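First the structure, in the form of structure tokens, and then the observations on it.
Reckoned from all heavy atoms, side chains included, excluding hydrogens, waters and symmetry mates. It should be emphasised that the depicted structure is a prediction, and the values quoted were computed from it without experimental measurement.
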Amino acid sequence: MKRYGLLLALVVALAACSKVNVENYGKIKVGMSYEEVRAILGDPTRCDDVAGFRGCQWGDEKSNITVQMVGDNVVMRSAKNLK
């Protein structure tokens, strides 16, 4: 039983440490490279590449950060339900 309590505490702590938050969203600036954004947010949940445009999302459908890039540079960013 003690192990389950420890495991639950670890899961809660990791969820609280999500990189998808208001503070990190504020660090993302137009002109940054994909690698600079990745250094802040980690690996994206998904990316879509279409004709030189890349859209990447970190997080899930309820809470996320989306970054649009042309080539390797951020041109637009948006967020949904950040804490």
Side-chain angles (χ1 to χ4, degrees):
M1 191 65 164
K2 192 174 185 179
R3 281 187 173 176
Y4 292 115
L6 182 59
L7 181 60
L8 180 60
L10 180 60
V11 168
V12 170
L14 287 174
C17 294
S18 172
K19 292 184 176 187
V20 178
N21 58 48
V22 173
E23 181 181 348
N24 284 339
Y25 177 72
K27 293 177 183 178
I28 301 167
K29 306 294 180 199
V30 170
M32 288 179 107
S33 71
Y34 170 76
E35 288 303 320
E36 289 173 311
V37 175
R38 214 171 122 245
I40 295 168
L41 298 174
D43 291 327
T45 307
R46 68 181 181 91
C47 285
D48 299 312
D49 293 298
V50 178
F53 295 92
R54 176 186 271 184
C56 294
Q57 183 181 66
W58 286 260
D60 56 33
E61 293 303 314
K62 293 181 182 180
S63 176
N64 60 61
I65 295 173
T66 302
V67 176
Q68 303 295 327
M69 291 169 257
V70 174
D72 189 45
N73 296 316
V74 174
V75 293
M76 191 170 72
R77 66 189 176 109
S78 62
K80 180 179 175 184
N81 295 324
L82 298 182
K83 295 182 181 178

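Transitive grouping of hydrophobic side chains (ILVMFWY, heavy atoms separated by less than 4.5 Å) keeps Val22 and Val30 in distinct clusters.
Between Ile65 and Asn21, the shortest heavy-atom contact is CD1-O, 4.0 Å. Heavy atoms only, all atoms of each residue included: Val67 and Val37 are closest at CG2-CG1, 4.3 Å. Lys27 approaches Met32 most closely through the heavy-atom pair O-SD, 3.5 Å. The shortest heavy-atom contact between Glu61 and Lys80 is O-NZ, 2.9 Å. Listed here is the closest heavy atom pair of Leu82 and Ala79: CD1-CB, 3.4 Å. The two atoms that bring Cys56 and Met69 nearest to each other are SG-CE, 3.9 Å, heavy atoms only.
Distance check: Ile28 CD1 to Trp58 CH2 gives 6.5 Å after rounding to the nearest 0.5 Å.
Within the 3.5 Å criterion, the main-chain N or O of Tyr25 finds a donor-acceptor partner in the side chain of Arg77. In this structure, Ser63 contributes its side chain and Asn81 its backbone to a donor-acceptor pair below 3.5 Å. Remark: the backbone N or O of Lys19 is paired with a side-chain donor or acceptor of Asn24 at under 3.5 angstrom. Listed for the Thr66 side chain is no donor-acceptor partner under 3.5 Å among the backbone atoms of Gln57.
For residues 35-47, the set of pairs meeting the salt bridge (charged side-chain N to carboxylate O under 4.0 Å, His left out) definition, not counting sequence neighbours, comprises Glu35-Arg38, Arg38-Asp43, Arg46-Asp48.
Using a 4.5 Å heavy-atom cutoff, the side chains of Tyr34 and Pro44 are in contact.
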